[in-house]
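Report on one structure; see the data block that follows.
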Amino acid sequence: MKRAKRHPFAKILRQRLELHLDNRSSDNTVPAENQFRRWIWQAVKQQYRRAEISVVLLDEDEARACNRDYRGKDYATNVLSFALDEDQTLIAPALSDGLHGDLVICPQVVLREAATQGKTPEQHYAHLTIHGVLHLMGYDHAADSEAEEMEALETALLNQLAYPDPYK
């Protein structure tokens, strides 16, 4: 009997992307770790050989406190990005060896926004995860030109994963 070929992709991916998922929220319907891993890897794989990223899911009160304490904005937001070395330039040279950072996601805000925007929760989680990782990589949307570049990249990455344009 022929033995099935083993595909080492999952093992290689785990070696290249160290993901720490911590659901501290009361929502038990959040995506699985392998989904977050897939979305994050899609964003980082062209510029980094390795990444270590933590995704922490917080309820609205804690997410609001983070947003207030770190950004001076007193409301719960969908995703916050914290690069490990925020004082350094974050745009990666071609195939830099590593990206390190944290994402804080508020499931209640994600679900509320998804419903308002007519998206599935999965689509919105995918979009916000990629959006947050792009922030870790140094992308921003403060100026119109930056926003256009970031949105185009988000759309392209999501399309590669078979998700629709998040801005339509």
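Just so you know, these numbers come straight off a predicted model, no measurement behind them. This chain uses plain numbering: 1 for the first residue, then up along the sequence.
The two atoms that bring Pro166 and Lys119 nearest to each other are O-NZ, 3.0 Å, heavy atoms only. Taking every heavy atom of both residues into account, Pro107 and Leu58 meet most closely at CD-O, 3.3 Å. What you find for Trp41 and Arg49 is that their closest heavy atoms are CH2-O, 3.9 Å. Across Gly132 and Ser81, no two heavy atoms sit closer than the pair O-OG, 2.8 Å. Considering all non-hydrogen atoms of both residues, Ala43 and Val133 come closest at CB-CG1, 3.7 Å. Across all their heavy atoms, Ala114 and Thr120 have their closest contact at CB-O, 4.0 Å.
With hydrogens and angles disregarded, a donor-acceptor distance shorter than 3.5 Å links the side chain of Asn159 to the backbone of Thr155.
In this structure, CD1 in Ile40 is found 6.0 Å from CG in Leu17, a value given to the nearest 0.5 Å. Here CG of Asn28 is found 11.5 Å from CG of Leu57. Values are rounded to the nearest 0.5 Å. A distance of 4.5 Å separates CG of Leu128 from CG of Asn78, quoted to the nearest 0.5 Å. Distance check, rounded to the nearest 0.5 Å: CD of Glu122 to OG1 of Thr29 gives 12.0 Å. Atom-to-atom distance recorded for Leu21:CG and Ser54:OG is 9.5 Å, nearest 0.5 angstrom. Taken from CG in Asn34 to CH2 in Trp39, the straight-line distance is 9.0 Å, to the nearest 0.5 Å.
Within a 6.0 Å radius of CG in Asp69, other residues, nucleotides and ligands contribute more than 12 heavy atoms. Within 6.0 Å of CG in Asp74 there are more than 12 heavy atoms belonging to other residues, nucleotides or ligands.
Residues Val109 and Val56 do not share a hydrophobic cluster, defined by chaining ILVMFWY side chains whose heavy atoms lie under 4.5 Å apart. There is a path of hydrophobic side-chain contacts, each under 4.5 Å, that joins Leu161 to Phe36. Criterion: ILVMFWY side-chain heavy atoms under 4.5 Å apart, direct or through other members. Under it, Val104 and Tyr70 are part of a common hydrophobic cluster.
The side-chain contact (heavy atoms from CB on, under 4.5 Å) test with Leu134 singles out one residue from Leu157, Thr129, Val44, Asp140, and that residue is Leu157.
Salt bridge status for Arg24 with Asp59: absent, with no side-chain N to carboxylate O gap under 4.0 Å.
Between Gln108 and Asp27, the side chains place no donor N or O within less than 3.5 Å of an acceptor N or O (distance only, hydrogens not considered). No hydrogens or angles considered: nothing links the side chains of Tyr48 and His100 as a donor-acceptor pair under 3.5 Å.
Scanning for salt bridge (charged side-chain N to carboxylate O under 4.0 Å, His left out) contacts around Glu151 gives an empty result, with sequence neighbours left out.
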Between Glu149 and Tyr139, does a side-chain contact (heavy atoms from CB on, under 4.5 Å) hold up when you go through it step by step? CA-CA 9 Å; Glu149 178 185 6; Tyr139 290 89; 3.7 Å; yes
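Using a 4.5 Å heavy-atom cutoff, the side chains of His135 and Val79 are not in contact. Side-chain contact check for Val30 versus Val110: every heavy-atom pair is 4.5 Å or farther apart.
Taking the six-membered ring where the residue is Trp, His131 and His141 present tilted rings, their angle falling between 30° and 60°.
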